[in-house]
Amino acid sequence: MKIAFWGNAKGSCGVTSNLACISVASVMRYSFKAVLWENHTQQNNLEQALLCRQTNHYLSEMNHYHIHPVGMTHIMNQFAYSNHGFSASAQNITSEADYYEHRIIKEASYEILNESLYYIPSSFKVNREIYDYDLYSNVNKILQSLDTFADIIYIDTSNRNALSSKVILEEADLVVVNLTQNSSVIQHFFDNYSSIQSKCVFLISGYHKQSCLNINTISKLHSIKKTQITVIPYNLEYQEAVSQGTIVEFLSRNYTCKRRSPNYEFVNQVKKAVEMIMNHINYMEQQEAMR
C-alpha cells in the first residue's frame, strides 16, 4: 500500500513532521511493517526528526568513511548494477530476485522501530537535479520493490516541481494532503488537483480551534466528508522532539497519556489521523476485493 504525504504550500503544511509522527504511531498501534522515504533533499528531513543528533553524527561519520552505505542512492546503484533486476509486484518473497532486493533495501535503511518501521534517507552529497532525475527514471521500479518489502510505503512527497512527485501522486493508493487554515491555499488545491481528489484524505496542520476557518467550515465549503478530514494541533513539546530527533521517545512516553496531560490533545488527534488513514486503506482493499 503506497501512501503519499504531500502539501500544496511550500514549507508551511507540516508534511514531514506529520508523516513522522503518524508513521511511528501507526506501527505502535498496528502490527505491520512500514518503510519511509522522501523523494527530495532538504535540511529538515525525516532523518533529523526521527534520529537523535548524536546518532545522526555517528551515522554521518560512518557514511563519510563508507563503512555502511545507506540511502536511496545506494538502492538505485545496487539495483542498476545488479543482474537480478527488479521483480514484479507481489505480496510475498517468491524468488531470488525478491530476496536480493529486500536485502539491499534493508541494508540501505535505518531501523526506526524494531523490525516494523524502516527509513531510507536521501543524500545531501548528490546534486539535487541529478538525484531528482535518477528517481524519476526509477521511481516505478522502486515502488514495486518497496511494495513487496513492506505492508505500507510512506512517502514524503515534494511539492517543488520534482519530476518524481507527479509519478508518486499518480501511483499512490492514498494521498494524505496536508493543508493549513488558509483559504487561498485550500482553494488552490481544489482548483488545481482534481485528478487525485478521489483518493485523498486531509490533515489540517497547526490547527487552531478559534479560527473562523475551522474543520467544520472547511468540510462544508469543499464538500469533504467528515471521515476524510482531521486535524493536527500545534504542540510545542512535539516540535522540540522534531528538532531534536526524539519523536519515537516522545510518542512512546505520551502514547497512553491521560486527559490531564498537556500532550493529550495532540496525541489523541494523531491517533485519529492514524485511524482515518487505516480506515481508508481497509475500504480500498475491500473495494479491490469486490472487483
Side-chain angles (χ1 to χ4, degrees), residues 1-9 12-30 32 34 36 46 49 152 154-157 159 169 172-183 185-190 193 196-239 241-242 247 250-251 254-259 261-286:
M1 183 64 66
K2 300 175 287 293
I3 304 177
F5 273 62
W6 176 83
N8 64 317
S12 61
C13 292
V15 174
T16 300
S17 61
N18 289 345
L19 172 53
C21 67
I22 288 171
S23 62
V24 172
S26 68
V27 297
M28 286 180 172
R29 172 66 177 84
Y30 295 95
F32 57 66
L36 281 163
L46 287 167
I152 292 181
Y154 289 112
I155 311 157
D156 183 342
T157 309
N159 63 9
L169 293 176
D173 300 296
L174 182 68
V175 179
V176 181
V177 180
N178 296 254
L179 300 171
T180 61
Q181 285 171 287
N182 181 304
S183 57
V185 169
I186 296 172
Q187 190 62 51
H188 179 269
F189 170 78
F190 285 97
Y193 297 96
I196 62 171
Q197 286 173 22
S198 62
K199 59 178 179 180
C200 289
V201 295
F202 302 89
L203 293 178
I204 306 175
S205 304
Y207 183 72
H208 295 283
K209 293 179 180 179
Q210 296 78 15
S211 172
C212 60
L213 194 61
N214 57 39
I215 187 171
N216 292 324
T217 302
I218 294 170
S219 297
K220 290 177 182 178
L221 284 174
H222 300 285
S223 301
I224 305 172
K225 295 178 182 178
K226 293 293 181 66
T227 57
Q228 289 180 275
I229 186 168
T230 191
V231 306
I232 302 292
Y234 179 82
N235 180 278
L236 178 59
E237 190 174 338
Y238 176 68
Q239 291 304 318
V242 171
I247 289 177
F250 171 85
L251 287 173
N254 290 284
Y255 191 81
T256 58
C257 66
K258 306 301 182 185
R259 285 184 178 273
S261 168
N263 296 318
Y264 175 81
E265 179 63 18
F266 175 80
V267 174
N268 190 48
Q269 292 298 340
V270 169
K271 290 179 179 178
K272 286 183 178 180
V274 170
E275 292 302 314
M276 175 183 73
I277 291 168
M278 293 304 126
N279 287 339
H280 272 78
I281 288 174
N282 291 334
Y283 174 76
M284 288 185 295
E285 289 178 342
Q286 290 171 7

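Closest of all the heavy-atom pairs between Leu19 and Ile155 is CD2-C, 3.9 Å. Across all their heavy atoms, Gly14 and Ser17 have their closest contact at O-OG, 3.3 Å. Across every non-hydrogen atom of Val175 and Ala172, the tightest pair is CG2-CB, 4.1 Å. Nearest heavy atom pair, residue Pro262 against residue Asn235, reads O-ND2, 3.9 Å. Closest approach of Ala25 to Leu251, counting heavy atoms only: N-CD1, 4.1 Å.
The backbone N or O of Asn159 lies less than 3.5 Å from no partner atom in the side chain of Asn8, so there is not a single donor-acceptor pair. In this structure, the side chain of Asn178 engages the main chain of Val176 through a donor-acceptor pair within 3.5 Å. Looking at Tyr30, its side chain never comes within 3.5 Å of a backbone N or O of Val274 through a donor-acceptor pair. Using a distance-only test at 3.5 Å, with no hydrogens or angles considered, a donor-acceptor pair links the side chain of Ser205 to the main chain of Cys13. At least one donor-acceptor pair under 3.5 Å links the side chain of Gln181 to the backbone N or O of His208. Formation of a donor-acceptor pair under 3.5 Å by the Lys199 side chain with backbone atoms of Leu169 is found in this model. Between the Asn268 side chain and the Tyr264 main chain, no donor and acceptor come within less than 3.5 Å of each other. Judged by distance alone, with hydrogens and angles left aside, the side-chain atoms of Gln228 form a donor-acceptor pair with the main-chain N or O of Cys200 at under 3.5 Å. A distance-only check finds a donor-acceptor pair linking the side chain of Lys271 to the backbone of Tyr255 [under 3.5 Å].
You'll find the side chain of Phe202 stays beyond 4.5 Å of the side chain of Ile186, heavy atoms only. Residues Ile3 and Tyr154 are in side-chain contact: their nearest non-hydrogen atoms beyond the backbone lie under 4.5 Å apart. When side chains are defined from C-beta on, Glu237 counts as touching Asn254, because their heavy atoms get closer than 4.5 Å. By the 4.5 Å heavy-atom criterion applied to side chains, Leu221 and Gln187 are not counted as neighbours. Between Ile277 and Phe5, the closest side-chain pair of non-hydrogen atoms falls below 4.5 Å. At a threshold of 4.5 Å between non-hydrogen side-chain atoms, the residues Val201 and Ile229 do not count as touching. Proximity of Tyr238 to Ile247: side-chain heavy atoms (C-beta onward) are separated by under 4.5 Å at one or more points. Taking 4.5 Å as the limit, every side-chain heavy atom of Arg29 sits out of range of all side-chain heavy atoms of Met278.
Relative orientation of the His222 and Phe190 rings is parallel, given thresholds of 30° and 60° on the angle between their planes.
Separating the OG1 atom in Thr16 from the CG atom in Leu46 is a distance of 5.5 Å, to the nearest 0.5 Å. The distance from the CE atom of Met28 to the OG atom of Ser23 is 10.0 Å, given to the nearest 0.5 Å. Atom NZ of residue Lys220 and atom NZ of residue Lys226 lie 7.0 Å apart, to the nearest 0.5 angstrom. Put simply, CG on Leu174 and CE on Met1 are 8.0 Å apart, with the number rounded to the nearest 0.5 Å. To the nearest 0.5 Å, atoms CD1 (Ile152) and CZ (Phe32) are separated by 3.5 Å. Atoms NE2 and OG, on His188 and Ser183 in that order, are 13.0 Å from each other to the nearest 0.5 Å.
Judged by distance alone, the side chains of Thr217 and Asn214 do bring a donor and an acceptor atom under 3.5 Å apart.
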Quiz item: Hey, mind stepping through Phe189 and Ile196 against side chain to side chain contact (heavy atoms under 4.5 Å, CB included) and telling me if it holds?
Solution: CA-CA 10 Å; Phe189 170 78; Ile196 62 171; 4.2 Å; yes
Practice problem: Please step through side chain to side chain donor-acceptor pair (under 3.5 Å) for the pair Thr227 and Asn279, ending with a clear verdict. | Solution: CA-CA 9 Å; Thr227 57; Asn279 287 339; over 6 Å; no
Quiz prompt | Derivation of the side chain to side chain contact (heavy atoms under 4.5 Å, CB included) call for Leu203 and Thr230 | solution = CA-CA 5 Å; Leu203 293 178; Thr230 191; 3.5 Å; yes
Quiz item: Taking it one step at a time, do Tyr234 and Leu236 satisfy side chain to side chain contact (heavy atoms under 4.5 Å, CB included)?
Solution: CA-CA 7 Å; Tyr234 179 82; Leu236 178 59; 3.7 Å; yes
Exercise. Could you walk me through whether Trp6 and Asp156 pass side chain to side chain contact (heavy atoms under 4.5 Å, CB included), step by step?
Key: CA-CA 7 Å; Trp6 176 83; Asp156 183 342; over 6 Å; no
